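Heads up, the thing below is written out as structure tokens.
These numbers were taken from a predicted model, which means no experiment stands behind them. Values below: every heavy atom of this structure, side chains too, minus hydrogens, waters and symmetry copies. In listed order, ligands and their atoms are each counted from 1.
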Amino acid sequence: MQEIQVLDKTFELSIPYSELAARIDAMAAAIRADLEGENPLFIVMLNGAFMFAAELMKRLDFAAQISFVKMASYQDTGSTGEVKQLIGINERIRGREVVVVEDIVESGLTMKVMTDILRERGAGRVRIAALFHKPQRMKYDIKIDYVGRVLDDAFVVGFGLDYNGYGRNLPDIYKLKH
Ligand code: IMP
Ligand code: MG
């Protein structure tokens, strides 16, 4: 499937699953090297990171906890600039090594809000694992510890990422056609 329709827009195949899998293999190896034996807490950003997180966590065979939070900053294909935490975290955070698992970092606002909340709650070192990063769109000074792949600023769907709620179930990444 080279071209697909999601709602009113046409998208074209951009990154096949095989490449995503290889990128996630490398991220898992880097995370294992840093955090094996540290009992880290992985915090998965719903909804977008669900598929990436499942693939990443299957590749990590050491003791770790996984929790889920839901925030929203996105409407249509542009950020609203507002971030709200919708579902909280019940696991102990104080003193913990934490890895925030995110689908894509664009302006960095979502990760800034999330890492501020975690620091306020006394987390130990907070790291970020993002499958994608759009460096040209960065507005906040956020360090991403593990990046799957850098993207230009095209809007993408698939592998958990959506366009107005659709496209998350696609196994590959598609980008908006102009
Ligand atoms: P930020 O807060 O500006 O860094 O935006 C990050 C959030 O925007 C991510 O968690 C995604 O849910 C969403 N997002 C950014 N770019 C895209 C995209 O190309 N497709 C789908 N969602 C995106
Ligand atoms: Mg998101």
* Structure fact -> Paired with I144, the side-chain contact (heavy atoms from CB on, under 4.5 Å) test is passed by just one of H133, R127, E102, namely H133

* **Sequence neighbours excluded, every pair satisfying salt bridge (charged side-chain N to carboxylate O under 4.0 Å, His left out) that has a member inside residues 10-20** => E19-R23, E19-R149

What atoms in ligand 1 come closer than 4.0 Å to a heavy atom of [X]?
X    : value
S107 : 1 (P), 2 (O), 3 (O), 4 (O)
T110 : 1 (P), 2 (O), 5 (O), 6 (C)
D103 : 9 (C), 10 (O), 11 (C), 12 (O)
L109 : 2 (O), 4 (O)
D162 : 21 (C)
E102 : 9 (C), 10 (O)

* Asked: Does some side-chain heavy atom of I24 sit less than 4.5 Å from a side-chain heavy atom of L131?
  -> yes

* Decide if atom CG of D153 counts as having more than 12 heavy atoms of other residues, nucleotides or ligands within a radius under 6.0 Å. => yes

* Taking atom CZ of F62 as the centre, report whether more than 12 heavy atoms of other residues, nucleotides or ligands fall under 6.0 Å from it. => yes

* **Between Y174 and Q2, a side-chain donor and acceptor under 3.5 Å** => no

Does some non-hydrogen atom of [X] fall short of 4.0 Å from ligand 1?
X    : result
M45  : no
K134 : yes
V157 : no
G108 : yes

* Asked: What class does the angle between the rings of Y163 and F155 fall in, given that below 30° is parallel, 30 to 60° is tilted and above 60° is perpendicular?
  -> perpendicular

* Structure fact -> Residue set satisfying side-chain hydrogen bond (donor to acceptor under 3.5 Å, both in side chains) with S67, at least two apart, ordered chain then number -> E91

* L161-ligand 1 polar pair, N/O distance under 3.5 Å -> no

